[in-house]
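Heavy atoms only: backbone and side chains are in, while hydrogens, waters and symmetry mates are out.
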Amino acid sequence: MQRPDFLQKAIISHQLSKEEIVQLLGNPQYDQALFTAADEVRQKFVGDEVHLRGLIEFSNICKNNCLYCGLRRDNLKLKRYRMSPEEIVALARRAVKDFGFKTIVMQSGEDLWFTPERLKPILAEIKKLDVAITLSIGEKSFEEYKAYKEAGADRYLIRIETTDKDLYHRLDPGMSWDERKECLVNLGKLGYEVGSGIMVGLPGQTLESIADDLLFLQDMQIDMAGIGPFIPHPDTPLKDEKGRAFELSLRTMAIMRLLLPDINIPATTAMETLHPEGRIIALQCGANVIMPNVTEGEYRQLYELYPGKAALNETPLHSKTSIGARIEAIGRKIGTGYGSHKKL
Ligand code: SAM
Ligand code: SF4
């Protein structure tokens with residue numbers, strides 16, 4: 001299909017109006033042109049390397065009650081766990097020494113047990129392995145973020161989820177959109193590489209609001225953007241919602257690549273959950289990062305944000321080798337460095 005003029009211009013200018021974004025999101029006939037454009041921009045700005053990040057899900061305990069998430073505090077069916085500091089460090093060591101990861105991502109619910117006093121020594125220990133550390137542990141004060149930065153954290157992921165404030169406040173009871181945005185600002189001030197992102201296909205979310213989200217992320221000049229489909233969890237209030245918007249998530253991700261051409265964009269696990277080749281397809285529509293799960297044993301099943309989370313039964317070794325082969329099969333190569341955002 002012929003590329004529409006506005007898309008051709010966006011490849012050069014990295015600008016799209018809200019109306020143009022809505023057109024791209026709502027018209028499958030543009031898909032091929034959009035995905036090829038995003039792939040070209042990805043190739044030009046971040047090359048063919050795919051950076052792998054080893055993901056450790058170290059606690060599924062959460063004080064929050066987000067309506068969409070299986071870890072929400074009111075989900076009493078979920079068996080909760082919290083890894084010990086020794087377990088976390090041992091997993092990180094294995095991920096680095098046995099599997100060669102150059103970045104460790106530490107993710108959890110908002111678990112208040114992990115105070116700076118407890119988390120800082122863990123970060124310091126992992127940092128000795130000569131890796132980049134990404135944290136994804138939710139909303140914290142400026143001082144707490146500062147303490148983690150000083151202890152060795154380099155990057156931080158905190159999705160804004162949606163920029164529709166009414167929708168956000170409906171879905172995240174007791175939380176404040178402005179405070180979440182403030183977290184992004186504070187992380188930037190502290191010199192973190194900042195990752196944000198959204199869920200696509202939330203109940204009540206419109207194409208216009210996704211366009212606003214994309215323009216917001218561009219305006220914030222974030223360093224990484226995680227864009228994933230919302231998948232309803234049976235033990236949450238959103239269990240009967242539709243979600244599962246695979247194509248729309250791909251389009252959103254591809255547009256993100258056009259708007260912020262040199263950032264890191266993961267092919268998300270949620271995409272792989274909806275399609276057996278979801279991450280590989282995403283890598284061909286603008287993504288350049290994969291975060292294989294290196295959490296082991298029962299913990300992996302228990303970090304259940306949504307049902308059917310991809311690769312649940314894989315071992316970390318299998319995750320890495322099978323993904324590595326699939327990356328090479330599409331003519332890409334595994335990144336050898338830390339894979340930081342070029343801007344930095
Ligand atoms: N607790 C931290 C936070 O909320 O920022 C980090 C962990 S949280 C589980 C990571 C992300 O999972 C959230 O930002 C949200 O976008 C995503 N998530 C939660 N429930 C989901 C669902 N049902 N479908 C898809 N993604 C989901
Ligand atoms: Fe907790 Fe994060 Fe899930 Fe919200 S999305 S309930 S903060 S783990």
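- If you chain together hydrophobic residues whose side chains sit under 4.5 Å apart, Ile158 and Met224 never meet in one group.
- In summary, the side chains of Glu110 and Asn64 do present a donor paired with an acceptor at a separation below 3.5 Å, with no hydrogens or angles considered.
- Among Gln23, Arg251, Arg3, the single residue meeting the side-chain hydrogen bond (donor to acceptor under 3.5 Å, both in side chains) criterion with Tyr30 is Gln23.
- Here the shortest heavy-atom pairing between Met83 and Phe114 reads O-CZ, 3.8 Å.
- Figure legend: Lys140 and Tyr145 shown without cation-pi pairing, the cationic atom not lying both under 6.0 angstrom from the six-membered ring centre and within 45 degrees of its axis.
- Note on Met271 and Leu34: same hydrophobic cluster, where clusters join Ile, Leu, Val, Met, Phe, Trp and Tyr whose side-chain heavy atoms are under 4.5 Å apart, directly or indirectly.
- Gln218 contributes a side-chain N or O that, together with a main-chain N or O of Leu259, makes up a donor-acceptor pair within less than 3.5 Å.
- Here Arg300 does not pair with Glu57 in a salt bridge; the nearest charged N to carboxylate O distance is not below 4.0 Å.
- Under the 4.5 Å side-chain heavy-atom criterion for grouping Ile, Leu, Val, Met, Phe, Trp and Tyr, Met253 is connected to Ile21 within one hydrophobic cluster.
- Judged purely by distance below 3.5 Å, without hydrogens or angles, the side chains of Ser340 and Arg155 pair a donor atom with an acceptor atom.
- Side-chain contact check for Glu87 and Tyr299: at least one donor-acceptor pair (N or O, by modelled atom type) lies under 3.5 Å.
- Using modelled atom types and a 3.5 Å distance limit, the side chains of Gln205 and Asp164 yield no donor-acceptor pair.
- Side chain to side chain, Tyr68 and Glu241 fail the donor-acceptor criterion of an N or O pair below 3.5 Å.
- Defined by atom type and a distance below 3.5 Å, a donor-acceptor pair is missing between the side-chain atoms of His51 and Asn288.
- With no hydrogens or angles considered, no side-chain donor-acceptor pair links Asp212 and Thr163 at under 3.5 Å.
- For the pair Asn293 (side chain) and Thr295 (backbone), a donor-acceptor distance under 3.5 Å is present.
- For the atom pair CG of Asp235 and CG of Asp74, the computed distance is 12.0 Å after rounding to the nearest 0.5 Å.
- With a 4.5 Å cut-off on side-chain heavy atoms, Ile56 and Val105 do not count as touching.
- Residue pairs meeting the ring-ring contact (aromatic ring centres under 6.0 Å, His included) criterion with at least one member in residues 215-234, sequence neighbours excluded: Trp177-Phe216.
- Using modelled atom types and a 3.5 Å distance limit, the side chains of Tyr168 and Asp178 yield no donor-acceptor pair.
- Taking both residues in full, the closest heavy atoms of Arg72 and Asn65 are given as NH2-O, 3.0 Å, listed atom of the first, atom of the second, then distance.
- Looking at residues two or more places apart in sequence or on another chain, you find no side chain to side chain contact (heavy atoms under 4.5 Å, CB included) involving Pro121.
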